[in-house]
Amino acid sequence: MLFNELVIVFDNLSKTSKRLELTEILSNFFKKLKCEEIGFITLLCMGKIFPASEGKELGMASNLMIDAIALASGSEKNEVKKQWNIYGDIGETAKKCMSKKKQVSLIIKELSIKELKEVLYKLPEISGKGSSDLKLKLVSKLLSMTDSLGAMYLTRIMIGSMRTGVGQGVIRDALAKAFNAKPEDVERAYNLCADYSIVASKVCSNPELIINPKIILFSPINMMLFLKAQSVKEAFERVGRPARIEVKYDGMRAQIHKKDNEIQIFTRNLDNVSNQFPDAIQLVKECVTANTIIFECEIVGFSPKTNKPLAFQFLSKRIKRKYEIETAIKEIPIKMFCFDLLLLDDKNYLDEKFIDRHEALKKSINENNNIMLAKGIITKEDSEAEKLFNEGIKEQEGVMFKSLIAPYSPGARVGHGVKLKSHMKELDLVITEAYYGKGRRKDWFGSFTLSCYDTENDKYLTIGKLGTGFSDEQLKEMNELVKKSIISKDDEKVILSPNIVVEVEYEEIQKSPTYSSGYALRFPRLVRIRYDKKPDEASNLFMIDELK
Ligand code: ATP
């Protein structure tokens, strides 16, 4: 298939925001595709290039894109920048510059999806001396192999800002419609591999394949999430008595896949972080006795001096770190607290009761000081639960209450478990705009628009402005992240693709006409940047309606 055929589809999608119409356009398109190409094209339709589990990023900064547009269109770099300032949108800038292309080069060949995939998959592998030049050449060649509209979409794909309004819900429904499958079967298949490129290829070649989906080792399973409770009583009401109550550790949730000596680690976001945690891999090698296993744990950073747990911010440095891993291991050693089992020796444990999953997990680990089961008790008594809760908030974040008889429901925030924390006035929100600072800080972004997720419409709705709570280091970090996500800009602010998730504390939620969510947060304060959360996992409008 040619890239330009896909561009027509993108353009049709961009003309509507109605979910049913988006689904219709895509399902008609999916029907025409070959099963070997539908996987990658499905990702492109969602504005993605790689499935999250591959842990790859294109890392195309706006500046490199500007250089590529200049090279491909034969314009001066300053001219492209000028156009960017006029249009505010880098995709539109590419379209404009390419339509005014000075040197009319012979288009040797139109860009095919296959070639596009080859180049996009090659880009993250290029490193070392001369790598910027090589990337620049490749990207500008791609731009010159399509027309100006194609260049606009190509640019948007590469900077991660497609904005076609196509989220996971639309993809699920379009695939179901195209191949006569049930949306709930498509969703279940997705939750088991967390990769719509795999689901699309399967349902295309044989819709029966997704009815009883199998767990695929090394392809992460969408993690089961938990509801919140406000008190011990409410927590017991949700999960039943007796329940297992465990310390809620403040670390990184990890899903570990092991087959013999091959071990991989995935985050809650399904990113593959195996390279960053060779120490965790070594622990699993030494202490997990099962040959084939998928289990979950919380990885917590500890101070090498005091051997006390470190706040998540420290560990998050390790998640981002690509180089000098050995130094990072020494600076922030880890411990692993294991709490759930999904697969053991080829037996799928998802539908087993939690108490049985826990028992089997216990038998599969030779516990020691660095890898162990999460501390917990089984009880039906409020007083015992209160006691562990008080310990839990002193040592860590709180406690988890888990139903003894519930299965593991991938990808669902169900009441099979609830969390109880010390202070619950916090939300995870997405940064969608950043404002330039004033005076001395005018080259910095100093305040940020916070948005919540509108699950129904796959949109982000504003809910407040964040201007306080940053350490200097966090502000620097936010500025770096913002720069990578700019879609458009004016004199006062930049509009961002919704990539950055932050946890904020606040005093109150009020009704307000100022923000598109209809609510405003009073005194929001940054707690931390949530690298481990996807934007569509941020607090949603439904949750906020409930809190109000
Ligand atoms: P939060 O923002 O409260 O950390 P979350 O939104 O990231 O939560 P939830 O599913 O709501 O995710 O809360 C559960 C999280 O708590 C898990 O994702 C996991 O990372 C962490 N956790 C810590 N200790 C445990 C434990 N013993 N059992 C289960 N999860 C635990």
Side-chain angles (χ1 to χ4, degrees), residues 220-230 235 238-239 243-256 265-271 273 295-301 309 311-313 315-316 319 334-342 354-355 357-358 361-362 365 371-378 385 388-389 391-393 395-404 406 408-430 452-453 501-505 526-540 543-544 546-547:
I221 297 167
N222 238 354
M223 299 186 192
M224 176 165 79
L225 302 172
F226 302 90
L227 294 170
K228 281 180 186 175
Q230 304 293 346
R238 296 249 193 198
V239 298
R244 180 167 166 88
I245 304 169
E246 287 176 356
V247 171
K248 181 181 193 305
Y249 297 92
D250 183 17
M252 175 188 88
R253 173 132 171 215
Q255 191 177 93
I256 316 275
I265 305 178
F266 300 95
T267 65
R268 187 181 181 292
N269 236 354
L270 311 178
D271 292 329
V273 289
F295 69 97
E296 286 186 358
C297 64
E298 193 81 356
I299 297 185
V300 182
F312 174 78
Q313 280 89 314
L315 186 73
S316 81
I319 303 173
I334 49 124
K335 292 183 195 272
M336 300 168 81
F337 300 93
C338 310
F339 55 73
D340 216 331
L341 176 76
L342 291 75
F354 173 63
I355 191 159
R357 302 202 301 277
H358 192 264
L361 177 64
K362 193 172 173 184
I365 301 174
I371 181 167
M372 63 204 94
L373 291 174
K375 180 174 161 187
I377 50 169
I378 292 181
L388 189 64
F389 173 65
E391 277 173 34
I393 54 173
E395 286 172 22
Q396 290 279 336
E397 272 198 309
V399 285
M400 311 291 302
F401 282 65
K402 299 180 180 181
S403 155
L404 298 182
Y408 186 105
S409 302
R413 195 177 278 280
V414 281
H416 297 340
V418 293
K419 54 187 174 183
L420 185 63
K421 296 211 264 184
S422 53
H423 54 88
M424 300 301 291
K425 283 205 160 187
E426 60 208 8
L427 290 171
D428 293 320
L429 297 166
V430 180
C452 61
Y453 183 54
V501 183
V502 289
E503 183 175 325
V504 293
E505 279 179 347
L526 179 74
V527 181
R528 58 174 158 154
I529 302 171
R530 298 272 331 223
Y531 289 99
D532 59 333
K533 267 205 173 174
K534 286 185 256 176
D536 60 8
E537 286 177 329
S539 306
N540 59 47
M543 286 157 72
I544 291 163
E546 287 225 314
L547 286 172

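Atoms within a ligand are numbered from 1 in the order they appear, just like the ligands themselves. Since we're looking at a predicted model, the values are computed, not measured.
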Peer 1: Which of the atoms of ligand 1 are close to Lys421, meaning less than 4.0 Å from one of its heavy atoms?
Peer 2: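 In order of numbering, the contacting atoms are 1 (P), 3 (O).
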
Peer 1: With atoms numbered from 1 as shown, which atoms in ligand 1 lie under 4.0 angstrom from a non-hydrogen atom of Lys533?
Peer 2: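 Listed by number with element: 5 (P), 6 (O), 7 (O).
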
Peer 1: Quick check against the 3.5 Å criterion: does Tyr408 have a side-chain atom that pairs as donor or acceptor with the backbone of Met224?
Peer 2: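 Answer holds: yes.
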
Peer 1: For the residue pair Tyr453 and Glu537, confirm or rule out a side-chain donor-acceptor distance under 3.5 Å.
Peer 2: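 No.
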
Peer 1: With a 4.5 Å heavy-atom cut-off, do Arg244 and Leu404 have their side chains touching?
Peer 2: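 Yes, side chains in contact.
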
Peer 1: Counting from 1, what ligand 1 atoms have a heavy atom of Lys402 closer than 4.0 Å?
Peer 2: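 So the answer, numbered in order with elements, is 26 (C), 28 (N), 29 (C).
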
Peer 1: Considering heavy atoms of the protein only, find what lies nearest to atom 19 (C) of ligand 1 and give residue, atom and distance to 0.1 Å.
Peer 2: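 The closest one turns out to be Glu298 OE1, 3.0 Å.
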
Peer 1: Please determine whether salt bridge (Lys or Arg N to Asp or Glu O under 4.0 Å) holds for the pair Lys248 and Glu298, giving the CA-CA distance in whole Å, both sets of side-chain angles, and the decisive distance to 0.1 Å.
Peer 2: CA-CA 9 Å; Lys248 181 181 193 305; Glu298 193 81 356; 5.9 Å; no

Peer 1: Which residue and atom name correspond to the protein heavy atom nearest atom 18 (O) of ligand 1, and how close is it?
Peer 2: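 Minimum-distance protein heavy atom for atom 18 (O) of ligand 1 reads Arg253 NH1, 2.9 Å.
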
Peer 1: What verdict does the side-chain contact (heavy atoms from CB on, under 4.5 Å) test give for Met372 and Lys335, after you've listed the backbone C-alpha separation in whole Å, the side-chain angles of each residue and the deciding distance to 0.1 Å?
Peer 2: CA-CA 8 Å; Met372 63 204 94; Lys335 292 183 195 272; 4.3 Å; yes

Peer 1: Return the closest protein heavy atom for atom 10 (O) of ligand 1 as residue, atom name and distance.
Peer 2: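 Sorting protein heavy atoms by distance from atom 10 (O) of ligand 1 puts Phe226 N, 3.2 Å first.
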
Peer 1: So if I count the atoms of ligand 1 from 1 in the order they appear, which ones are less than 4.0 Å from some heavy atom of Arg530?
Peer 2: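 By the 4.0 Å cutoff, the relevant atoms are 1 (P), 2 (O), 4 (O), 7 (O).
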
Peer 1: What protein heavy atom sits nearest atom 24 (N) of ligand 1, and how far away is it?
Peer 2: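 Answer, as residue, atom name and distance: Tyr249 N, 2.9 Å.
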
Peer 1: Quick check: Glu503 and ligand 1, any N/O pair under 3.5 Å apart?
Peer 2: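 For ligand 1, there is no N or O atom that lies under 3.5 Å from one belonging to Glu503.
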
Peer 1: Okay, side chain of Glu296, backbone of Ile256: is any donor-acceptor separation there less than 3.5 Å?
Peer 2: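 No, Glu296 side chain to Ile256 backbone: no donor-acceptor pair under 3.5 Å.
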
Peer 1: Quick check for you: to the nearest 0.5 Å, what is the distance between Lys402 atom NZ and Asp340 atom CG?
Peer 2: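 Taking NZ in Lys402 and CG in Asp340, the distance rounds to 6.0 Å.
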
Peer 1: Which of these, Lys419, Lys248, Arg268, has its nearest heavy atom closest to atom 4 (O) of ligand 1?
Peer 2: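 Among Lys419, Lys248, Arg268, the closest heavy atom to atom 4 (O) of ligand 1 comes from Lys248.
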
Peer 1: Where's the contact between Glu296 and ligand 1, heavy-atom distance under 4.0 Å: side chain, backbone, both or neither?
Peer 2: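 Neither; no heavy atom under 4.0 Å.
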
Peer 1: What protein heavy atom is closest to atom 31 (C) of ligand 1, reported as residue, atom name and distance in Å?
Peer 2: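 Here the closest protein heavy atom is Phe339 CE2, 3.7 Å.
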
Peer 1: Say you draw a straight line from CE of Met252 to CZ of Arg268; how long is it, rounded to the nearest 0.5 Å?
Peer 2: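 Result: 12.0 Å between the selected atoms.
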
Peer 1: Can you tell me how far apart OH (Tyr531) and CG (Asp271) are? Round to the nearest 0.5 Å.
Peer 2: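 The OH atom of Tyr531 sits 12.5 Å away from the CG atom of Asp271.
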
Peer 1: In terms of atom number and element, which parts of ligand 1 are under 4.0 angstrom from non-hydrogen atoms of Ala374?
Peer 2: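 The atoms of ligand 1 under 4.0 Å from a heavy atom of Ala374 are 27 (N).
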
Peer 1: Short N/O distance, under 3.5 Å, between Arg528 and ligand 1?
Peer 2: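 No: no nitrogen or oxygen of Arg528 is under 3.5 Å from one in ligand 1.
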
Peer 1: Looking at CD1 of Ile371 and SG of Cys338, how far apart are the two atoms once the value is rounded to the nearest 0.5 Å?
Peer 2: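 These two atoms lie 4.5 Å from each other.
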
Peer 1: When you measure from the heavy atoms of Arg413 to every atom of ligand 1, does any distance fall below 4.0 Å?
Peer 2: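 Yes.
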
Peer 1: Could you tell me, atom by atom, which parts of ligand 1 come under 4.0 Å of a heavy atom of Leu225?
Peer 2: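 With Leu225 as reference, the close atoms of ligand 1 come out as 10 (O).
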
Peer 1: Test Asp532 against Phe312 for side-chain contact (heavy atoms from CB on, under 4.5 Å), laying out the working first.
Peer 2: CA-CA 11 Å; Asp532 59 333; Phe312 174 78; 4.3 Å; yes

Peer 1: Please confirm whether Val247 comes under 4.0 Å of ligand 1, counting heavy atoms of the residue only.
Peer 2: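 A heavy atom of Val247 does come that close to ligand 1.
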
